[in-house]
Q: 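Here you go, one structure.
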Amino acid sequence: MLSRFNRAAATVDSLHLISWAIRSKRSRAMLFSWWDGRRIADTVTERLDPNLPVTVNLIIVHGLARVTNVNGRRVGLTSEGKSLAARLDTEVELLRGEKEFLARLAPLSDRRITEVLNAVRL
């Protein structure tokens, strides 16, 4: 997921949202709806994946990512993490649905997520 973000880095909030959305067909459809501008003003778009902190800690401990700012709210892949992501990309069948989901959101960045989710159709 991180490898799909601009500069292979994202805020924890962005990671929570995308990680939550990738989990089921329903959550993917909901995010695509928001992404396409079909969101009413009172819809809450902040979502949390309860497993994300453990996942982020594991990739940091294993040297695949690092915290990239002083307040610890942004995570970026290391060169080892980027290398692993590139190898995973060569395995066409591995995580196919997840890769297709993320490709549909491209270009993916913290800024794009903020812009899309703050745009409310009245």
Q: Calculate, to the nearest 0.5 Å, the distance between atoms CG and CG belonging to Leu15 and Leu48 respectively.
A: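 So the gap between those two atoms works out to 12.0 Å.
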Q: Run the side-chain donor-acceptor check on residues 24-31: report pairs under 3.5 Å with partners two or more places apart or on a different chain.
A:
from: Ser24; atom 1: OG; to: Ser27; atom 2: N; distance (Å): 3.1
from: Ser24; atom 1: OG; to: Ser27; atom 2: OG; distance (Å): 2.9
from: Ser27; atom 1: OG; to: Trp20; atom 2: O; distance (Å): 3.3
from: Ser27; atom 1: OG; to: Ala21; atom 2: O; distance (Å): 2.8
from: Ser27; atom 1: OG; to: Ser24; atom 2: N; distance (Å): 3.2
from: Ser27; atom 1: OG; to: Ser24; atom 2: O; distance (Å): 3.1
from: Arg28; atom 1: NE; to: Ile22; atom 2: O; distance (Å): 3.0
from: Arg28; atom 1: NH2; to: Ile22; atom 2: O; distance (Å): 2.9

Q: Step by step, would you call Arg112 with Trp35 a side-chain contact (heavy atoms from CB on, under 4.5 Å)?
A: CA-CA 10 Å; Arg112 176 91 171 113; Trp35 207 254; 3.7 Å; yes
Q: Please list all pairs meeting ring-ring contact (aromatic ring centres under 6.0 Å, His included) that have one or both residues in residues 59-106, counting only residues at least two apart or in different chains.
A: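 Found Phe32-Phe101.
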Q: Any pair with a residue in residues 65-79 that passes salt bridge (charged side-chain N to carboxylate O under 4.0 Å, His left out), sequence neighbours left out, goes on the list, sorted by first then second residue, please.
A: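 Qualifying pairs, neighbours excluded: Asp13-Arg73, Arg74-Asp110.
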Q: Transitive ILVMFWY cluster of Val54 at side-chain heavy atoms under 4.5 Å: who else is in it?
A: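 Under the 4.5 Å side-chain rule, Val54 groups with Leu58.
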Q: Specify the closest pair of heavy atoms between Val75 and Leu2, including all atoms of both residues, with the distance to one decimal.
A: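 It is O-CD2, 3.5 Å.
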Q: Could you list all the salt bridge (charged side-chain N to carboxylate O under 4.0 Å, His left out) pairs where at least one residue sits in residues 54-63, not counting sequence neighbours?
A: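 Sorted pair list comes back empty.
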Q: Suppose we screen for side chain to side chain contact (heavy atoms under 4.5 Å, CB included). Which residues come up paired with Ser3, at least two apart in sequence or across chains?
A: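 Only Leu77, Ala85 meet the side chain to side chain contact (heavy atoms under 4.5 Å, CB included) criterion with Ser3.
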Q: How would you list, by chain and number, every residue that makes a side chain to side chain donor-acceptor pair (under 3.5 Å) with Asn51, sequence neighbours excluded?
A: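 Here no residue qualifies.
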Q: Looking at residues at least two apart in the chain, or sitting in another chain, which of them share a side chain to side chain donor-acceptor pair (under 3.5 Å) with Glu80?
A: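 Glu80 satisfies side chain to side chain donor-acceptor pair (under 3.5 Å) with Thr78 only.
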Q: Where is the tightest heavy-atom contact between Ser19 and Met1, given as atom of each residue plus distance?
A: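 Ser19 and Met1 have their closest heavy atoms at N-SD, 3.7 Å.
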Q: For Thr55, enumerate each residue passing the side chain to side chain donor-acceptor pair (under 3.5 Å) test, keeping only those at least two apart in sequence or located in another chain.
A: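 By the side chain to side chain donor-acceptor pair (under 3.5 Å) rule, Thr55 matches no residue at all.
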Q: Any pair with a residue in residues 85-95 that passes side chain to side chain donor-acceptor pair (under 3.5 Å), sequence neighbours left out, goes on the list, sorted by first then second residue, please.
A: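 Matches after skipping sequence neighbours: Arg4-Asp89, Glu93-Arg96.
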Q: What residues, two or more places apart in sequence or in another chain, satisfy salt bridge (Lys or Arg N to Asp or Glu O under 4.0 Å) together with Arg23?
A: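 Arg23 satisfies salt bridge (Lys or Arg N to Asp or Glu O under 4.0 Å) with Asp49 only.
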Q: In the hydrophobic clustering that connects Ile, Leu, Val, Met, Phe, Trp and Tyr at side-chain heavy-atom distances below 4.5 Å, which members other than Val92 occupy its cluster, ordered by chain and number?
A: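 Direct or chained contacts put Val92 with none.
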Q: With side-chain contact (heavy atoms from CB on, under 4.5 Å) as the criterion, how do Asp36 and Val116 come out once you've worked through the C-alpha distance, each side chain's angles and the decisive distance to 0.1 Å?
A: CA-CA 8 Å; Asp36 294 337; Val116 167; over 6 Å; no
Q: Working to the nearest 0.5 angstrom, can you tell me the gap between Leu108 CG and Ser14 OG?
A: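 Separation between the atoms: 7.5 Å.
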Q: Can you give me the closest heavy-atom contact between Leu88 and Lys99, atom names plus distance?
A: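 Heavy-atom minimum between the residues: O-NZ, 2.7 Å.
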Q: Do the charged groups of Glu100 and Arg104 touch, with an N to O distance under 4.0 Å?
A: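 Here Glu100 does not pair with Arg104 in a salt bridge, since their nearest N and O are not under 4.0 Å apart.
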